[in-house]
Amino acid sequence: LDVFNTVMVYSLSEEVKSKRRYRSQRREMQAKATHATVIEAARELFVARGWSATTIAGIAKRAGVSQETIYSRFGNKREIVRAMVATAMRGALPDVPFMEQPARQAVQTASDPLRMVDGFCADICSVLVRVAPIMAVVRSAAETDPEMAGLYAQLHAARRENLLRFVAALKKAGGLQGCPDEQIAGDQVWSLASPELFTLWTGAAGRTPADYQEWINGALRRLLLAEA
């Protein structure tokens with residue numbers, strides 16, 4: 001009887017644990033879904049209306065959640081925008097850090113400088129399609145909001161750090177024949193691959209992302225690889 005009771009208790013315990021894990025996983029999935037819904041609603045409103053005209057109440061209404069849900073998850077509009085940038089950068093792999101994603105890793109580990117530049121340009125163009133509209137919101141808000149100005153500076157500093165990793169890998173592969181100084185090369189890549197320049201090309205100039213990709217590829221080949 002004691003053995004039987006022990007087995008029954010063990011079985012019930014495992015069943016309870018299984019149910020708890022299931023509920024925990026379900027809550028986690030629901031939280032991720034809510035997060036994604038809020039981010040998408042915020043992106044639509046910020047891009048369409050701008051920083052000042054977009055409110056927490058408006059985002060909550062568009063996302064179909066309460067304002068309290070947004071405040072408890074993000075705190076304020078600035079942190080929503082920060083999350084928007086991270087989401088846009090990570091694209092289809094939201095749970096994988098940006099620099100650890102396959103597209104960046106393929107560029108970092110390539111041994112042929114020409115292939116590295118080609119891969120980088122294709123990748124950065126796909127990223128800028130998603131990120132540039134959001135960075136335009138941050139840049140506009142930074143003109144009047146000191147905290148957003150700080151976020152704008154942080155985002156560009158992080159962007160430069162990531163790009164310097166590409167430059168270092170390119171140098172290791174023997175690809176900085178046109179600009180041996182990594183810092184100068186980093187400045188060149190940081191400027192040419194900027195959301196602002198991408199927006200200028202695809203907005204004011206009326207060119208396509210493919211046009212921009214072709215242009216930056218040629219520019220980096222000349223500047224970094226010393227191609228004629």
Side-chain angles (χ1 to χ4, degrees), residues 36 39-40 43-44 46-48 81-140 152 154-173 175-179 182 184-228:
I39 291 298
E40 178 58 21
R43 186 194 65 78
E44 292 173 357
F46 277 121
V47 171
V81 172
R82 189 192 300 274
M84 283 166 50
V85 173
T87 298
M89 288 182 66
R90 294 185 178 190
L93 299 172
D95 296 326
V96 182
F98 181 71
M99 290 303 293
E100 295 178 16
Q101 293 189 353
R104 263 109 274 154
Q105 289 296 303
V107 172
Q108 294 284 100
T109 57
S111 57
D112 176 22
L114 188 57
R115 287 185 60 189
M116 292 178 73
V117 170
D118 289 347
F120 170 79
C121 292
D123 180 45
I124 198 65
C125 186
S126 68
V127 172
L128 288 173
V129 166
R130 302 189 302 267
V131 174
I134 302 171
M135 283 295 286
V137 173
V138 181
R139 182 173 67 255
S140 176
Y152 185 61
Q154 291 171 20
L155 292 173
H156 269 300
R159 192 174 68 83
R160 191 174 193 280
E161 182 179 341
N162 288 339
L163 294 174
L164 282 173
R165 292 174 63 177
F166 161 67
V167 170
L170 191 60
K171 182 176 183 178
K172 185 177 180 180
L176 291 189
Q177 299 301 314
C179 184
E182 283 188 52
I184 294 177
D187 289 339
Q188 292 173 337
V189 177
W190 183 78
S191 300
L192 295 177
S194 69
E196 292 79 5
L197 190 52
F198 179 83
T199 298
L200 188 65
W201 265 76
T202 57
R207 308 296 288 274
T208 67
D211 292 331
Y212 169 82
Q213 181 181 331
E214 181 180 359
W215 170 78
I216 191 176
N217 192 306
L220 292 182
R221 287 187 182 197
R222 291 189 295 272
L223 289 170
L224 305 183
L225 307 184
E227 284 197 349

Heavy-atom donor-acceptor pair, [X] side chain to [Y] backbone, under 3.5 Å:
X    : Y    : result
S140 : V137 : no
T199 : P195 : yes
Q108 : A169 : no

Notebook entry, point to check: What pairs with Q188 under side chain to side chain contact (heavy atoms under 4.5 Å, CB included), at least two apart in sequence or on another chain?
Noted result: C179, I184, L223, L224
Shortest non-hydrogen separation from [X] to [Y] and the atoms involved:
X    : Y    : answer
E100 : Q105 : O-CG, 3.7 Å
L128 : A193 : CD1-O, 3.7 Å
T202 : P209 : CG2-N, 3.9 Å
M116 : V107 : CE-O, 3.4 Å
P102 : L93  : CD-CD1, 3.7 Å

Next item on the list: Return the set of residues passing salt bridge (Lys or Arg N to Asp or Glu O under 4.0 Å) with E214 (not counting sequence neighbours), or none when no residue passes.
Entry: none
Could you check whether any side-chain heavy atom of [X] comes within less than 4.5 Å of a side-chain heavy atom of [Y], counting everything from C-beta outward?
X    : Y    : value
L164 : E182 : no
L220 : L225 : no
R90  : D95  : no
L197 : S191 : no
F46  : P133 : no
R104 : V127 : yes

Next item on the list: Measure up the W215 and Y212 rings against each other and bin them: parallel (under 30°), tilted (30 to 60°), perpendicular (over 60°).
Entry: tilted
Margin query: Using 30° and 60° as the class boundaries, would you call the ring planes of F166 and F120 parallel, tilted or perpendicular?
Written below: parallel
Enter the distance from [X]:[atom1] to [Y]:[atom2] here, rounded to the nearest 0.5 Å.
X    : Y    : atom1 : atom2 : result
R159 : S194 : CZ    : OG    : 5.5 Å
F198 : R207 : CZ    : CZ    : 12.5 Å
D118 : R221 : CG    : CZ    : 4.5 Å
L163 : R165 : CG    : CZ    : 11.0 Å
D112 : L170 : CG    : CG    : 10.0 Å
N217 : Q213 : CG    : CD    : 7.0 Å

Next item on the list: Taking atom CD of E161 as the centre, report whether more than 12 heavy atoms of other residues, nucleotides or ligands fall under 6.0 Å from it.
Entry: no
